[in-house]
Protein chains: 2
Amino acid sequence: MEDLLKEKGYKITPARLAILNVFAKSKLPLTAEDICKELKKDKNNRGINEATVYRTLTSFVEDHILKRVDFRKESAYFELTDEHHHHITCIKCETVEDFESKDVEKALGGVVRNSSRFISIQDHSLELFGFCKKCS
Amino acid sequence: MEDLLKEKGYKITPARLAILNVFAKSKLPLTAEDICKELKKDKNNRGINEATVYRTLTSFVEDHILKRVDFRKESAYFELTDEHHHHITCIKCETVEDFESKDVEKALGGVVRNSSRFISIQDHSLELFGFCKKCS
DNA sequence: GTAGTTGCAAAAGTTTTGCACGTAC
DNA sequence: GTACGTGCAAAACTTTTGCAACTAC
């Protein structure tokens, strides 16, 4: 965790470690508000300021420690970039399941080769929306 | 355009027609603000109220006339659902190119069959981010 | 005529920013 | 010691809502 920060040239601060820990413990993408709430639960700090959370999220995304996830909601969701996977969200109950698919990744690789104006893909967002077995 | 509205049970109003026209003319996904600005240019109306634009966007998405697009920006982008395609956005200059790929769609079809908890996919978001030839 | 639609203004929610103080290195 | 990081408060920006007036049908 500390190594990750050093590697990117960040100073090691309690706020950054705490935020990374929240993500490390969470199985789901989180909003800034989710993180603030989670940080308030910890008695060691009295919560880390909202502004710090937003600033940290923004710079972590720039440095590819976090990535944004599109849940078609008002607020922005984030998760660690360390594992590459996507999500299927139930339209009804909002259950989220992770998935990864070699076939999808392979097919995406073909897209740039067919593009006349683009030369490389750095990253992609992929979110599926459907019904889980309980809600179907 | 009017037929589309009738089909979904909407009353035909100037605001709805104007908003649909803005989308029909645009090659790119638009934010609520983009639409308000575009509507103000037309001398026939003095602009349609912001609240109406938001209300219209929300209901059009519910009725699948529009869909949300994830550009990892603060505000929400929308486009007509009539064509199914995705976007590649240049990380540097923000050029957007549309693409579609049978291979990707086919691969996505396989995902739900491998899922233990999901039974059907209704919709998906897919956005690629990379470098265009000019910016690479 | 009536249900549905709109404008306006106010509010709610999300994110950013300036500045003074604090801390990692 | 210095450059970077944080807290606080204010502001900016995006979206939603209540209500009265209006309009499509």
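Computation of the quantities below employed the complete heavy-atom set of this structure, encompassing side-chain atoms and omitting hydrogens, waters and symmetry-equivalent molecules. Reminder, nothing fancy here: chain letters follow the sequence lines and each chain counts from 1.
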- [ ] Using heavy atoms and a sub-4.0 Å distance, could you list which residues of residues 68-77 of chain A are near DNA chain C? By number, please.
- [x] S75(A), A76(A)
TODO: Under 4.0 Å from any atom of DNA chain C, heavy atoms only: list the residues of residues 3-16 of chain B that qualify, in numerical order.
DONE: K11(B), T13(B), A15(B), R16(B)
Task: Backbone of F23(A) reached by a side-chain donor or acceptor of S26(A) within 3.5 Å - done: no
Task: Those residues of residues 26-38 of chain A lying under 4.0 Å from DNA chain D by at least one heavy atom - done: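 The answer is none.
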Task: First and last nucleotide of DNA chain C, 5' to 3', lying under 4.0 Å from heavy atoms of chain B - done: dA3(C) to dT15(C)
Which atom pair, heavy atoms only, marks the closest approach of [X] to [Y]?
X: F60(A); Y: L20(A); answer: CE2-CD2, 3.6 Å
X: R72(A); Y: D123(B); answer: NH1-OD2, 2.8 Å
X: R113(A); Y: G109(A); answer: NH1-O, 3.3 Å
X: V111(B); Y: S101(A); answer: CG2-CB, 4.1 Å
X: D63(B); Y: K8(B); answer: O-NZ, 2.9 Å
X: A18(B); Y: L39(B); answer: CB-CD2, 3.6 Å

Open item on the list: Pair I88(B), V112(A) - check side-chain contact (heavy atoms from CB on, under 4.5 Å), show working.
Closed with: CA-CA 9 Å; I88(B) 316 182; V112(A) 72; 5.6 Å; no
Donor-acceptor contacts under 3.5 Å from residues 128-136 of chain B side chains, at least two apart:
| from | atom 1 | to | atom 2 | distance (Å) |
| --- | --- | --- | --- | --- |
| K133(B) | NZ | S116(A) | O | 2.8 |
| S136(B) | OG | K133(B) | O | 3.3 |

Task: Basic-acidic side-chain contact under 4.0 Å: K41(B), E38(B) - done: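 A salt bridge is present here (some side-chain N lies under 4.0 Å from a carboxylate O).
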Task: End axis versus end axis in the helix from dG1(C)-dC25(D) to dC25(C)-dG1(D), the angle rounded to 10°, five pairs used at each terminus - done: 40°
Task: Steps toward side-chain contact (heavy atoms from CB on, under 4.5 Å) verdict (T95(B), T89(B)) - done: CA-CA 6 Å; T95(B) 290; T89(B) 304; over 6 Å; no
Quickly work out the [X] [atom1] to [N] [atom2] distance and round it to whole Å.
X: Y54(A); N: dA11(D); atom1: OH; atom2: P; answer: 19 Å
X: F78(B); N: dT14(D); atom1: CZ; atom2: P; answer: 13 Å
X: L57(B); N: dT14(D); atom1: CG; atom2: P; answer: 14 Å

Open item on the list: Taking the nucleotide of DNA chain D with the nearest heavy atom to each, does N49(A) or E50(B) sit closer to the 5' end?
Closed with: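 It is N49(A), whose closest nucleotide lies nearer the 5' terminus.
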TODO: Determine, stepwise, if the pair R68(A) / E62(A) fulfils salt bridge (charged side-chain N to carboxylate O under 4.0 Å, His left out).
DONE: CA-CA 10 Å; R68(A) 262 184 95 133; E62(A) 277 167 11; over 6 Å; no
Open item on the list: Checking side chain to side chain contact (heavy atoms under 4.5 Å, CB included) between H86(B) and each of H124(B), E100(B), E97(B), which is the one that passes?
Closed with: H124(B)
Open item on the list: Using 30° and 60° as the class boundaries, would you call the ring planes of Y77(B) and F71(B) parallel, tilted or perpendicular?
Closed with: perpendicular
